[in-house]
S.K.: 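One structure follows; several queries about it will come next.
This chain uses plain numbering: 1 for the first residue, then up along the sequence.
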Amino acid sequence: MKLLAVCLGRPERLPGKSFKTGIYKSAVNAAVMIDSLGLVGDAVCNTKHHGGEDQAILLEGSLTLDWWTAALGRDFPPGTFGENLTVEGLDNRDVAVGDRFHIGEVVLEATCARSPCNTLAVKMDDPKFLKTYVRAGRPGIYCRVVKSGMVSPGDPVRHELYAGDRVMIAEMLAAVGRNLSETEKARFLAAPIGRRWRPTFET
């Protein structure tokens, strides 16, 4: 695998909205620093729901973007979903919480699924896109930064599988709204999931 794209965004207003968002991201052809809060220079406007140490990086697999292109008949270039990094040869469905991605000196750890929001629906110009996204079962992957450093397009990527019980990222999104058993909740909570998601499985 290799790093297909590194994407940065600037604060921009959504059509018809007063607030700004950092979801509009474009690939850059340069080395970018990743620190504990993500790509240096990237915009995170709604810090209540986005960003932070457990959601520092949003990652997409190129095979998943290819699937979206085929499924919807439109182009899904890197950055379409507001992701920071696109990994060539990766299918989002193959990633579990706790999996790590080694990119040069940088180490990222998968923490949770990307949960679709109204901002994404507006960007996609489709009010029904949130349901489409959930049904697809291929959510983006939020990561925490275990080790900081520089990344560049073309860098080799190594996918290290989590050694414990593999809670798949897609499972997390599919579990939202379900009446989970205590055994299921305990399984989710035993994985190194992001803090924003923990209350989902604690109640």
Side-chain angles (χ1 to χ4, degrees), residues 1-10 22-44 50-71 75-115 133 136-173 191-194 197:
M1 294 181 179
K2 70 177 181 180
L3 194 57
L4 180 64
V6 179
C7 303
L8 297 174
R10 297 179 299 174
I23 198 171
Y24 293 94
K25 300 193 189 301
S26 300
V28 297
N29 189 25
V32 181
M33 177 70 185
I34 291 182
D35 63 17
S36 63
L37 294 178
L39 289 176
V40 174
D42 184 48
V44 178
H50 303 289
E53 292 187 352
D54 283 346
Q55 296 182 184
I57 294 290
L58 180 59
L59 185 148
E60 287 281 351
S62 69
L63 298 183
T64 297
L65 296 182
D66 291 345
W67 181 89
W68 280 107
T69 295
D75 195 20
F76 281 80
T80 297
F81 289 114
E83 71 271 18
N84 304 113
L85 304 178
T86 306
V87 177
E88 187 175 72
L90 178 70
D91 186 324
N92 293 11
R93 297 174 299 175
D94 294 334
V95 180
V97 177
D99 283 8
R100 292 189 171 188
F101 294 91
H102 299 257
I103 311 169
E105 62 184 341
V106 172
V107 181
L108 308 176
E109 183 177 79
T111 60
C112 57
R114 190 264 180 78
S115 184
Y133 188 88
R138 293 166 165 82
I141 303 147
Y142 271 120
C143 300
R144 62 172 61 95
V145 180
V146 177
K147 187 176 180 183
S148 301
M150 303 293 290
V151 295
S152 300
D155 284 349
V157 178
R158 180 167 64 89
H159 181 192
E160 176 189 357
L161 303 187
Y162 181 57
D165 189 7
R166 288 179 63 73
V167 174
M168 307 309 288
I169 292 293
E171 277 187 85
M172 294 187 70
L173 187 59
I193 62 176
W197 277 79

S.K.: With the side chain counted from C-beta on, respond yes when Leu65 and Thr86 share a heavy-atom pair under 4.5 Å apart, and no when they do not.
M.R.: yes

S.K.: One thing to verify: whether Asp42 and Lys25 come together as a salt bridge, which I'm taking to mean a side-chain N less than 4.0 angstrom from a carboxylate O.
M.R.: yes

S.K.: What pair of heavy atoms forms the shortest contact from Ser36 to Ser148, and how long is it?
M.R.: N-OG, 3.8 Å

S.K.: Taking side chain as C-beta onward, heavy atoms only, is Pro192 less than 4.5 Å from Val97?
M.R.: yes

S.K.: Please find the pair of heavy atoms, one from Cys112 and one from Gly194, that lie closest to each other, and give the distance.
M.R.: CB-N, 4.4 Å

S.K.: Using a 4.5 Å cut-off on heavy atoms from C-beta on, say whether the side chain of Ile34 contacts that of Leu39.
M.R.: yes

S.K.: State, yes or no, whether a side-chain contact exists between Leu85 and Leu108 at a heavy-atom distance under 4.5 Å.
M.R.: yes

S.K.: Start with the C-alpha distance between Ile57 and Val145, add both sets of side-chain angles, then the distance that settles side chain to side chain contact (heavy atoms under 4.5 Å, CB included), and finish with yes or no.
M.R.: CA-CA 8 Å; Ile57 294 290; Val145 180; 4.3 Å; yes

S.K.: In the structure I gave you, are the side-chain heavy atoms of Glu109 and Phe101 within less than 4.5 Å of one another anywhere?
M.R.: no

S.K.: What are the two closest non-hydrogen atoms of Gly137 and Ala170, and how far apart are they?
M.R.: O-CB, 3.5 Å

S.K.: Can you check whether Ala136's main-chain N or O pairs, donor with acceptor, with Arg138's side chain at less than 3.5 Å?
M.R.: yes

S.K.: Less than 4.5 Å apart, side chain to side chain, heavy atoms only: is that true for Val95 and His159?
M.R.: yes

S.K.: Do Arg114 and Leu58 have side-chain heavy atoms sitting under 4.5 Å apart?
M.R.: yes

S.K.: Any idea which heavy atoms bring Leu173 and Pro139 closest together, and the distance?
M.R.: CD2-CB, 3.7 Å

S.K.: Roughly how far, to the nearest 0.5 Å, is CG of Asn92 from CG of Leu63?
M.R.: 9.0 Å

S.K.: Are Phe81 and Trp68 close enough that their ring centres sit under 6.0 Å apart?
M.R.: yes

S.K.: With rounding to the nearest 0.5 angstrom, report the OG to CD distance, Ser115 to Gln55.
M.R.: 9.0 Å

S.K.: Side chain to side chain contact (heavy atoms under 4.5 Å, CB included) between Trp197 and Thr111: does it pass, once the steps are laid out?
M.R.: CA-CA 9 Å; Trp197 277 79; Thr111 60; over 6 Å; no

S.K.: Please round to the nearest 0.5 Å and tell me the distance separating atom CE of Met172 and atom CD1 of Ile141.
M.R.: 12.0 Å

S.K.: Taking C-beta and beyond as the side chain, do Arg158 and Met1 meet within less than 4.5 Å on heavy atoms?
M.R.: no

S.K.: Closer than 3.5 angstrom, by distance alone: can the side chain of Thr69 be matched with the main-chain N or O of Asp75 as a donor-acceptor pair?
M.R.: no

S.K.: Nearest 0.5 angstrom please: Leu59 CG to Leu3 CG, how far?
M.R.: 8.0 Å

S.K.: For Glu60 versus Gly140, what's the shortest heavy-atom pair and its separation?
M.R.: OE2-CA, 3.4 Å

S.K.: Given the rule in the salt bridge (Lys or Arg N to Asp or Glu O under 4.0 Å) test, do Arg166 and Asp99 qualify, once you have shown the distances and angles that lead to the verdict?
M.R.: CA-CA 9 Å; Arg166 288 179 63 73; Asp99 283 8; 2.6 Å; yes

S.K.: Using 0.5 Å steps for rounding, measure from the OG atom of Ser62 to the CZ atom of Phe76.
M.R.: 14.5 Å

S.K.: Once you round to the nearest 0.5 Å, how far does CE of Met150 lie from CG of Asp155?
M.R.: 10.0 Å

S.K.: So, for Ser152 and Ala31, which heavy atoms are closest and what is the spacing to 0.1 Å?
M.R.: OG-CB, 3.2 Å

S.K.: Look at Glu53 together with Arg144 and state whether they make a salt bridge at an N to O cut-off of under 4.0 Å.
M.R.: no

S.K.: Side chain of Glu171, backbone of Val167: donor and acceptor closer than 3.5 Å?
M.R.: no

